[in-house]
Amino acid sequence: MLAAAPLSASGLVAASSSAHAQPRRSPGGQSEPLRRYKEYVSELAKKDQFSGVVMVAHRGRPVIAEAFGMADKKRGIRNRVDTRFNLGSASKPFSTLAIVQLAEQGKIEFYDKLGTYLQGFRPEVAEKVTVHQMLTHTSGMTMAWDPSRITYSREELWEIVRKALREGELQFTPGTQHAYGGAGLDALGEIVAKITGMSYWDYAHEHIFGAAGMTGSRYYTRTEWLADPAIAHPYMLQADGSRVDALRDLKASAVIGGPGTRRDRSSACPASVPSPARPTSSGSPKPCRTTNS
């Protein structure tokens, strides 16, 4: 489970904003605001409201780097500061970055229509939706995706997504509303593959993760994920308050806005290693869907 604990601006900013005042130190040598923050996060972890890694840096130097919670409860593996986490929808900006890179190279135009690059879509989608609208969640695109379906390879997943995109209808006239979703970004991922001749995943590895020095970030299959103790398992909250290991239980649903709502999972789920020297996130074309290989 990847979570984010809010920073308390009052204590942490006060400890770093003055070049003259010295923050009060706890008996262990840590400033009082940082000690209180660690206690706060520890309490969240004890209540099962946070599991992950916290890092706080001051002037480029980490002053807190600590892991909380379990990476794999079944095997008794705790999170460490170098544990990798599935980022799900937090990886959407990497699809955007791939498109921006290609636009800088003159290989794509933001206001071109979808049909300029991909075929097989409904005319009202291909002829009206622009690249810019897909980037900004204003395309109105949907996809005919069955979230309960389990796929068994990246190739199978890719073909199912391509088909689901082409069967999707518009929710509204492109450019008139905003609706957060993954259909437009999935289509952008296919555009990246079409223009570059590489799979979206390979392109991201070479031109995004590699270029940024994100040596611990990549797309993992379920088999690789299960075998690697350094990747945390996602624990989905159930309607009864319990959590289920969604990596092992492929039919698990998460409570998102209501009991039983299902979150997509991916064969190419990104994971990353927190590091003060490089970005701590990696990308996927869409929130994760699970495959077995």
Q.
Is any side-chain heavy atom of Gln49 closer than 4.5 Å to one of Glu43?
A. no
Q) Looking only at atom types and distance, does a side-chain atom of Gln171 sit under 3.5 Å from a main-chain N or O of Ala179, one as donor and one as acceptor? A) no
**Q.** Salt bridge present between Asp228 and Arg84 (N-O < 4.0 angstrom)
**A.** yes
Q: Would you check, one step at a time, whether the test side-chain contact (heavy atoms from CB on, under 4.5 Å) holds for Met143 with Glu167?
A: CA-CA 6 Å; Met143 56 194 302; Glu167 293 176 352; over 6 Å; no
Q. Mind checking whether Phe94 and Val100 sit in one hydrophobic cluster, side chains of I, L, V, M, F, W, Y counted as touching below 4.5 Å?
A. yes
Q) Is there a side-chain contact between Pro174 and Thr130, using heavy atoms and a 4.5 Å cut-off? A) no
Q: Give a yes or no on whether the backbone of Tyr203 and the side-chain of Glu206 come within a donor-acceptor separation of less than 3.5 Å.
A: no
Q | Spatial distance of atom NZ (Lys107) from atom CD1 (Ile99) [nearest 0.5 Å] | A | 12.0 Å
Q.
Hydrophobic clustering (ILVMFWY, side-chain heavy atoms < 4.5 Å, transitive) - are Val81 and Ile77 grouped together?
A. no
(Q) Closer than 4.0 angstrom, basic N to acidic O: yes or no for Lys74 and Asp245? (A) no
Q. Who are the ring-ring contact (aromatic ring centres under 6.0 Å, His included) partners of His205, not counting sequence neighbours?
A. Phe209, Tyr219
**Q.** Audit row: Ser51, Asn79, side-chain hydrogen bond (donor to acceptor under 3.5 Å, both in side chains) steps and yes/no
**A.** CA-CA 8 Å; Ser51 179; Asn79 286 325; 3.1 Å; yes
Q | Residues Glu159, Arg154: salt bridge by 4.0 Å N-O rule | A | no
Q | Any donor-acceptor pair under 3.5 Å from Tyr200 side chain to Asp186 backbone | A | no
(Q) When you measure from the side chain of Trp158 to the backbone of Ser153, do you find a donor-acceptor pair of N or O atoms at a distance under 3.5 Å? (A) no
**Q.** Distance in Å, Leu165 CG paired with Trp145 CH2, rounded so as to fall on 0.5 Å steps
**A.** 10.0 Å
Q: Using a 4.5 Å cut-off on heavy atoms from C-beta on, say whether the side chain of Tyr235 contacts that of Asp72.
A: yes
(Q) Below 30° counts as parallel, above 60° as perpendicular, anything between as tilted: where do the rings of Phe50 and Phe68 land? (A) perpendicular
Q) Quick one: CG on Leu185 to OG1 on Thr96, what's the gap to the nearest 0.5 Å? A) 5.5 Å
Q: Check whether Leu97 and Phe110 end up in the same hydrophobic cluster, where Ile, Leu, Val, Met, Phe, Trp and Tyr are linked by side-chain heavy atoms less than 4.5 Å apart.
A: yes
Q: State whether the side chain of Ser199 and the backbone N or O of Asp202 hold a donor-acceptor pair below 3.5 Å, judged by distance alone.
A: yes
Q: Determine yes or no for a side-chain-to-main-chain donor-acceptor pair under 3.5 angstrom, with Thr142 supplying the side chain and Gly168 the backbone.
A: no
Q: Walk me through it: do Arg162 and Arg166 pass the test side-chain contact (heavy atoms from CB on, under 4.5 Å)?
A: CA-CA 7 Å; Arg162 292 182 73 253; Arg166 285 157 177 77; 3.6 Å; yes
Q) Between the main-chain N or O of Ala67 and the side-chain N or O of Arg80, is there a donor-acceptor pair closer than 3.5 Å? A) no
Q: Would you give the length of the straight line joining atom OG1 of Thr138 to atom OH of Tyr180, rounded to the nearest 0.5 angstrom?
A: 14.5 Å
(Q) For a quick test of reading the model, state the closest non-hydrogen atom pair linking Arg75 to Leu226 and the distance between them. (A) NH2-O, 3.2 Å
Q.
Can you tell me how far apart CD1 (Ile195) and CD1 (Ile108) are? Round to the nearest 0.5 Å.
A. 4.0 Å
Q. Any salt bridge between Arg35 and Glu39, counting N to O under 4.0 Å?
A. yes
Q. Do Arg36 and Tyr40 meet the cation-pi criteria used here (NZ or CZ under 6.0 Å from the six-membered ring centre, within 45° of the axis)?
A. no
**Q.** Donor-acceptor contact present, side-chain Lys194 to main-chain Leu118, <3.5 Å
**A.** no
Q | Stepwise side-chain contact (heavy atoms from CB on, under 4.5 Å) check, Met134 with Ile191 | A | CA-CA 11 Å; Met134 290 185 282; Ile191 290 175; 4.0 Å; yes
Q: Any chance you could measure Lys92, atom NZ, to Leu135, atom CG, to the nearest 0.5 Å?
A: 13.0 Å
Q) Would you find a donor on one side and an acceptor on the other, under 3.5 Å apart, between the side chain of Ser91 and the backbone of Leu87? A) no
Q: Output, in order, the C-alpha distance, side-chain angles, deciding distance and verdict of side-chain contact (heavy atoms from CB on, under 4.5 Å) for Val63 and Arg61.
A: CA-CA 6 Å; Val63 292; Arg61 182 179 64 87; 3.7 Å; yes
Q. If you measure from the Lys or Arg side-chain nitrogens to the Asp or Glu carboxylate oxygens, is any gap between Arg122 and Glu127 under 4.0 Å?
A. no
Q.
For Met236, is there any backbone N or O sitting under 3.5 Å from a side-chain donor or acceptor partner on Gln238?
A. yes
Q) Taking all atoms of both residues into account, what is the closest heavy-atom pair of His178 and Phe172, and its distance? A) N-CZ, 4.3 Å
